[in-house]
Amino acid sequence: MLEKLTKWKSSLSSQEGPKIEDVNVPRHIAIIMDGNGRWAKRKGLPRIAGHREGMKVINKVVRKADELGVEILTLYAFSTENWKRPKTEVDYLMKLPERFLNKELPMLMEKNVKVRLMGSIENLPEHTKRAVSKAVKDTEKNTGLILNFALNYGSRFELMEAVKKIANQIENGSLSAEEINESVLKENLMTAELRDPDLLIRTSGEIRLSNFMLWQVAYSEFWFTDVLWPDFDEQHLVEAIAVYQKRARRYGGV
Ligand code: FPP
């Protein structure tokens, strides 16, 4: 524990670029990893080359988040709307979790990272499902950073499903309509046991949420950058945290 604390403190003071405080590091960071296609296009490469590079960035971001003491890192890897893309691109995107985990599972184990998923996992191809389920199982006893992959995830779908679950509980008599409150809704979301994101990052210059964690980001700080996801690195993460730390969060108070 002491060793981890010393490593963390020295990592904060050895930062190049913006300095961040060793208190008030966002406990949950959610990232919309955008701009892979444009990155590839600018380089005259096929879109999938952008996704391949984008996958490599995850290693850097996980390591840095872990080092800084972030507790939860949620990554938007595939949305319910992404099925509209050309089949070859979807097929490629569906291979990425497998590739990533084949390569990075030893690192995740070494760093004590616990992999978690949110989204409609049942509707993924068998090979993708197998790979992600294995990663969840292999890391289930880890107690460090929670790496939460949003895979086949859409916030409206999530909210719809939560409403259905609550309706079922009312139908079977285990809940009454009067008992519905924010906690009941939260418990029925795909993030039931997770705190809400403190900081939301979106890359590539787009300023929108794209159906991502609409309920959960109600009080999150947002940080947008023009950097395309494949160019995102540890220093950008530190920059986002530095901006977060300068903002005062009032949660509607004064
Ligand atoms: C958005 O860029 C990116 C995605 C839809 C996919 C993100 C996936 C990864 C970064 C890799 C996932 C890896 C794992 C391990 C799950 P875009 O294609 O919309 O870019 P564009 O807006 O420039 O076209």
Side-chain angles (χ1 to χ4, degrees), residues 29-66 72-109 111 113-121 123-125 127-136 138-139 145-155 190 200-213 224-234 236-237:
I29 301 182
I31 309 185
I32 304 178
M33 310 179 288
D34 196 10
N36 294 348
R38 275 163 286 164
W39 181 92
K41 192 168 177 213
R42 281 182 200 172
K43 293 203 155 16
L45 297 168
R47 290 178 56 82
I48 59 168
H51 297 313
R52 192 177 56 224
E53 281 309 301
M55 183 186 78
K56 293 183 192 161
V57 175
I58 297 178
N59 174 304
K60 295 188 209 172
V61 171
V62 167
R63 283 170 177 275
K64 193 68 188 176
D66 174 56
I72 308 162
L73 180 66
T74 295
L75 300 177
Y76 204 5
F78 193 89
S79 77
T80 44
E81 288 72 37
N82 286 153
W83 295 107
K84 291 184 215 143
R85 296 184 175 210
K87 185 174 180 312
T88 46
E89 186 174 341
V90 170
D91 287 349
Y92 189 80
L93 282 167
M94 285 299 145
K95 283 189 195 133
L96 287 184
E98 219 169 329
R99 280 199 191 186
F100 172 80
L101 293 163
N102 279 343
K103 182 157 179 280
E104 306 292 1
L105 203 54
M107 180 276 283
L108 298 176
M109 291 305 290
K111 300 273 172 207
V113 173
K114 185 181 170 104
V115 176
R116 184 194 184 281
L117 306 166
M118 64 174 190
S120 306
I121 309 304
N123 301 328
L124 297 174
H127 63 97
T128 316
K129 231 184 326 191
R130 212 178 310 124
V132 293
S133 308
K134 179 178 182 313
V136 170
D138 288 358
T139 63
L145 174 78
I146 296 174
L147 178 56
N148 182 34
F149 280 112
L151 209 50
N152 197 16
Y153 172 84
S155 193
M190 293 168 179
L200 172 91
I201 297 175
R202 182 170 189 152
T203 58
S204 91
E206 308 294 348
I207 319 276
R208 57 176 174 267
L209 285 176
S210 302
N211 202 13
F212 187 54
M213 302 184 95
F224 297 102
T225 174
D226 287 340
V227 173
L228 303 176
W229 178 251
D231 292 327
F232 193 88
D233 64 18
E234 296 89 341
H236 297 116
L237 184 67

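Atoms within a ligand are numbered from 1 in the order they appear, just like the ligands themselves.
Close contacts of ligand 1 with W229, meaning ligand atoms under 4.0 Å from a residue heavy atom, involve 10 (C).
When side chains are defined from C-beta on, L237 counts as touching I201, because their heavy atoms get closer than 4.5 Å. Within the 4.5 Å cutoff, no side-chain heavy atoms of K60 are placed close to those of F232. Between I207 and R202, the closest side-chain pair of non-hydrogen atoms is not below 4.5 Å. With contacts defined as side-chain heavy-atom distances shorter than 4.5 Å, the pair V90/N82 does not qualify. Counting only heavy atoms from C-beta outward, the side chains of V57 and M33 never approach each other to under 4.5 Å. T74 places a side-chain heavy atom less than 4.5 Å from the side chain of M118.
With sequence neighbours excluded, the residues that form a side-chain contact (heavy atoms from CB on, under 4.5 Å) with S204 are D34, R38, E206, L228.
Heavy atoms of R47 found under 4.0 angstrom from ligand 1 belong exclusively to the side chain. Counting heavy atoms closer than 4.0 Å to ligand 1, residue I58 contributes side-chain atoms (C-beta onward) but none from N, CA, C or O. Of all the heavy atoms of R85, the ones lying under 4.0 Å from any atom of ligand 1 belong exclusively to the side chain. Neither the backbone nor the side chain of F78 comes within contact range of ligand 1; no heavy atom lies under 4.0 Å.
Closest to atom 6 (C) of ligand 1, if we only count protein heavy atoms, is A77 O, 3.5 Å. Annotation: atom 20 (O) of ligand 1 to nearest protein heavy atom, G37 N, 3.0 Å. Among protein heavy atoms, atom 15 (C) of ligand 1 sits closest to F100 CB, 3.3 Å. Remark: minimum distance from atom 22 (O) of ligand 1 to any protein heavy atom is reached at R38 NH2, 2.9 Å. In terms of protein heavy-atom proximity, atom 3 (C) of ligand 1 is nearest to M33 O, 3.2 Å. Of the protein's heavy atoms, L96 CD1, 3.8 Å lies nearest to atom 11 (C) of ligand 1.
Using 4.0 Å as the threshold, G35 has a heavy atom nearer than that to some atom of ligand 1. The shortest heavy-atom distance from R99 to ligand 1 is not under 4.0 Å.
Rounding to the nearest 0.5 angstrom, the gap separating the CG atom in N59 from the CE atom in M107 is 4.0 Å.
Using the six-membered ring where Trp is involved, Y76 and F212 have ring planes that are parallel, under 30° apart on the 30 and 60° scheme.
The local environment of NZ in K134 is sparse, with at most 12 non-hydrogen atoms from other residues, nucleotides or ligands closer than 6.0 Å.
Taking only non-hydrogen atoms, the option from V90, N36, I32 nearest to atom 9 (C) of ligand 1 is N36. Between N82, V132, L151, D34, it is D34 that holds the heavy atom closest to atom 17 (P) of ligand 1.
Using a cutoff of 4.0 Å between basic side-chain nitrogens and carboxylate oxygens, K95 and E98 are not scored as salt-bridged.
The N/O atoms of L93, backbone and side chain alike, include none that comes under 3.5 Å of an N/O atom in ligand 1. Geometrically, ligand 1 and W39 share no nitrogen or oxygen pair separated by less than 3.5 Å.
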